[in-house]
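Okay, structure first, notes after.
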Amino acid sequence: MAKTTRIQDQVKIRGIRRRWLVNSVAIVLLILGLAVGAFAAMLGSYYYSGTADDLTRKATSSANGFRMYTRSDYRAAAQQTVSSYEDKGRLELQFLDTTGAVLFSGNDLTAGSTPGTPDIQQALNERIARPWRGRDPSTGERIMAASSPVIYQGEVVGVIRYVTSLSSIDRQFTFSMVVIAAIGLGIFAMVYFSNLYFVRSIVEPLAKITEIAQVIADGSYGVQIEKKYDDEIGELTDAINDMSLKIRQSEKTQSEFISSVSHELRTPLTAITGWAETIQNGEARSADDIRKGMNIIVSEARRLTNMVEELLEFSRIEDGRFTLSVEPLDLKAELEDAVYTYTEFFRKEGIALTYFDGPEELIPISGDPERLRQVFCNLLDNAGKHGGAGKRIDVSIRQEGDEAVIRIRDYGHGVPEGELPYLKNKFYKGSSKARGSGIGLAVCEEIVTRHEGRLDVSNAEGGGFLVTIRLPVEI
C-alpha cells in the first residue's frame, strides 16, 4: 500500500515537471515563433521588396527617357541601347513591342520570345510600371522583373523591362533565416535546459519531502527532513518538521493523558469501592468508622464528579458546543463566593487563604457567572494541589484602568521555567506529581478568552506560582 502511494506521488511529481516544462516551453516557442516570423517578414521586405522597388524605379526612369520616340524611332533607339548596355551580367534589359514580344534584349537568347508575365500585361493595359516575382516561363528559374510602358503622345509604343535572377537573393535570405533559426534554437535550448534545471531543483526536493511526509503519515511521528535550502522549500521543510514534532508530542501527551486519567479515576473508585464493601460487609463496627467511610465515599465521589465535569467541559470546547450565557455581573461578588467556598476547605488542609479586595465597591463586567466561578474554583483548587506545601494562598482583585485584574498566588515550589510556556496546553502536566487531568488550565484560558480577557501564568517573586486574570470592565 505504501509502495503504491509512493508511486502515485512520483507520478504527481512527474506531472508537475511535465506541466511546468510544457507551459514554459510553449510560451518560449510562441515568442520565438513570433520573433522569427517578424524577422523573416522584415528580411523579405528588405531583400525582395527593396529589389522590386529598385527595378520599378529603373524601368520607369528608362521609359521616361524614351517618351520622345515614335514607334519606329523606339525600335532604333532600343536596338542601340541594348548594343551599348554594359550591365547585362547582373541585370537583363528587354525592349518589348505592344504585343508583349521581346524585340531586343541584353541576353540574345530571349529576343523574339513572349514572356507573358503579369507585369507586362499590366504595363500595357494600366500604363503604369509594375513589378513581378516568380519563375521564368522558359527556364523555370526564380526571377524578378519590372515593366514600364513607353508612351508617345498618349499611345503605348512599347515596354521596357528589367529582369534579374533571384538565386543570389534567395541564398542570402536562406542563409539569414538559417542563422536566425540557429540563434532561436540556441535560445530555446538555453531556456529549456535552464527550466529543466530549475524544475529539477524544485521537484526533486519536493519528491523527498513527499516521501518523508508519507513516512510521517504512516505513523513514524517525529521523523525530521534534512533542510538543504533557505527558500520556500526550506520553509516547507521547517513546517513539516515542526508538524512532525508536534504530532509526536501530541501523541505522547494524549497517551500520558489517558494513563493519567485512568489512574485518577481508579484511585477514587478504589476508595469508594473499598469503603462501600467494608460498610456493606459490616466490618465497620463503630459509628465513627462508618462516618469516616461515608465521608471518604462522598469526597471521592465529588472528586470523580468534578473530573468528569471537567472532561465534559473540555469535550464541549473541542467540538464547538461550548457557549456563554452573558449577563451583567459583579466580578468581586463572584470571586468572593469562590474564596468563601475554599476558605474552610483550605483551613482543614492547614493552608491559610488570604483575600485582598480593592477599594472599589463593585467591578461591573459582562460575563457568564457560572463559567467565571468555574475558573476561580479551578485555579484555587490548582493552587491548593500544586502549591499547598507553602501553606499560604493569596487572592486579590482590583481595577487597573479599564481592566479588572485578579491574582491568585501560592507559596509552593513554583514551576520549572522550561515548563511555563506549555502549562496552558491541553493534557500537559509537566513534572508535577499532583493529581489532575492536565486540561484544567486549558479550559480556564478558553473561558477567559471567550470573555475577551487574558490569563497569564508565571513564577512569583520570592517563590511560588502566580496566575493573573485580566478582564475588560464595563465603563
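Residue numbers count from 1 along this sequence. None of these values were measured; they are calculated from a predicted model.
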**Asked** Would D54 and K58 pass as an ion pair if we require N to O under 4.0 Å?
**Response**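 No, D54 and K58 are not salt-bridged.
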
Within the structure provided, determine whether [X] and [Y] are in side-chain contact (heavy-atom separation under 4.5 Å).
X: R470; Y: R407; result: yes
X: V457; Y: V467; result: yes
X: Y162; Y: T56; result: no
X: E327; Y: P369; result: yes
X: R171; Y: T174; result: no
X: F376; Y: I469; result: yes
X: L55; Y: L91; result: yes

**Request:** State, without any angle test, whether Y411 and D394 hold a side-chain donor-acceptor pair at a distance under 3.5 Å.
**Result:**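 Yes - a donor-acceptor pair under 3.5 Å links their side chains.
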
**Asked** With no hydrogens and no angle check, do the side chains of S325 and E370 hold a donor and an acceptor under 3.5 Å apart?
**Response**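 No, no side-chain donor-acceptor contact under 3.5 Å.
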
Can you tell me how far apart [atom1] ([X]) and [atom2] ([Y]) are? Round to the nearest 0.5 Å.
X: L455; Y: T468; atom1: CG; atom2: OG1; result: 8.0 Å
X: I397; Y: E336; atom1: CD1; atom2: CD; result: 7.5 Å
X: R135; Y: L166; atom1: CZ; atom2: CG; result: 9.5 Å
X: D410; Y: K391; atom1: CG; atom2: NZ; result: 12.5 Å
X: L372; Y: I447; atom1: CG; atom2: CD1; result: 7.5 Å
X: F345; Y: T341; atom1: CZ; atom2: OG1; result: 11.5 Å

**Request:** Taking side chain to side chain donor-acceptor pair (under 3.5 Å) as the test, write out the residues that go with R133, two or more places apart.
**Result:**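 By the side chain to side chain donor-acceptor pair (under 3.5 Å) rule, R133 matches no residue at all.
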
May I ask you to decide if [Y]'s main-chain N or O and [X]'s side chain share a donor-acceptor pair within less than 3.5 Å?
X: E400; Y: D402; value: no
X: N459; Y: V415; value: yes
X: H451; Y: V326; value: no
X: S45; Y: A41; value: no

**Request:** Check the surroundings of atom CD in Q172: do more than 12 heavy atoms from other residues, nucleotides or ligands lie under 6.0 Å from it?
**Result:**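 Atom CD in Q172 is packed in, count exceeds 12.
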
**Request:** Answer yes or no: does atom OH of Y340 have more than 12 heavy-atom neighbours from other residues, nucleotides or ligands under 6.0 Å?
**Result:**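 Not more than 12 within 6.0 Å, no.
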
**Message:** If you apply the rule side-chain contact (heavy atoms from CB on, under 4.5 Å), what do you find for F173 with M177, and how did you get there?
**Reply:** CA-CA 6 Å; F173 179 77; M177 289 305 301; 3.8 Å; yes

**Asked** Should the ring pair Y342 and F346 be called parallel, tilted or perpendicular, given that the plane angle runs from 0 to 90° and is split at 30 and 60?
**Response**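 Y342 vs F346 ring planes: tilted.
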
**Prompt:** Could you walk me through whether F356 and V395 pass the side-chain contact (heavy atoms from CB on, under 4.5 Å) check?
**Reply:** CA-CA 6 Å; F356 303 93; V395 179; over 6 Å; no

**Request:** Evaluate the criterion side-chain contact (heavy atoms from CB on, under 4.5 Å) for residue pair I408 and F465; output intermediate values, then yes/no.
**Result:** CA-CA 8 Å; I408 300 175; F465 187 70; over 6 Å; no

**Prompt:** Given the rule in the side-chain contact (heavy atoms from CB on, under 4.5 Å) test, do L441 and L379 qualify, once you have shown the distances and angles that lead to the verdict?
**Reply:** CA-CA 8 Å; L441 275 179; L379 295 177; 3.7 Å; yes

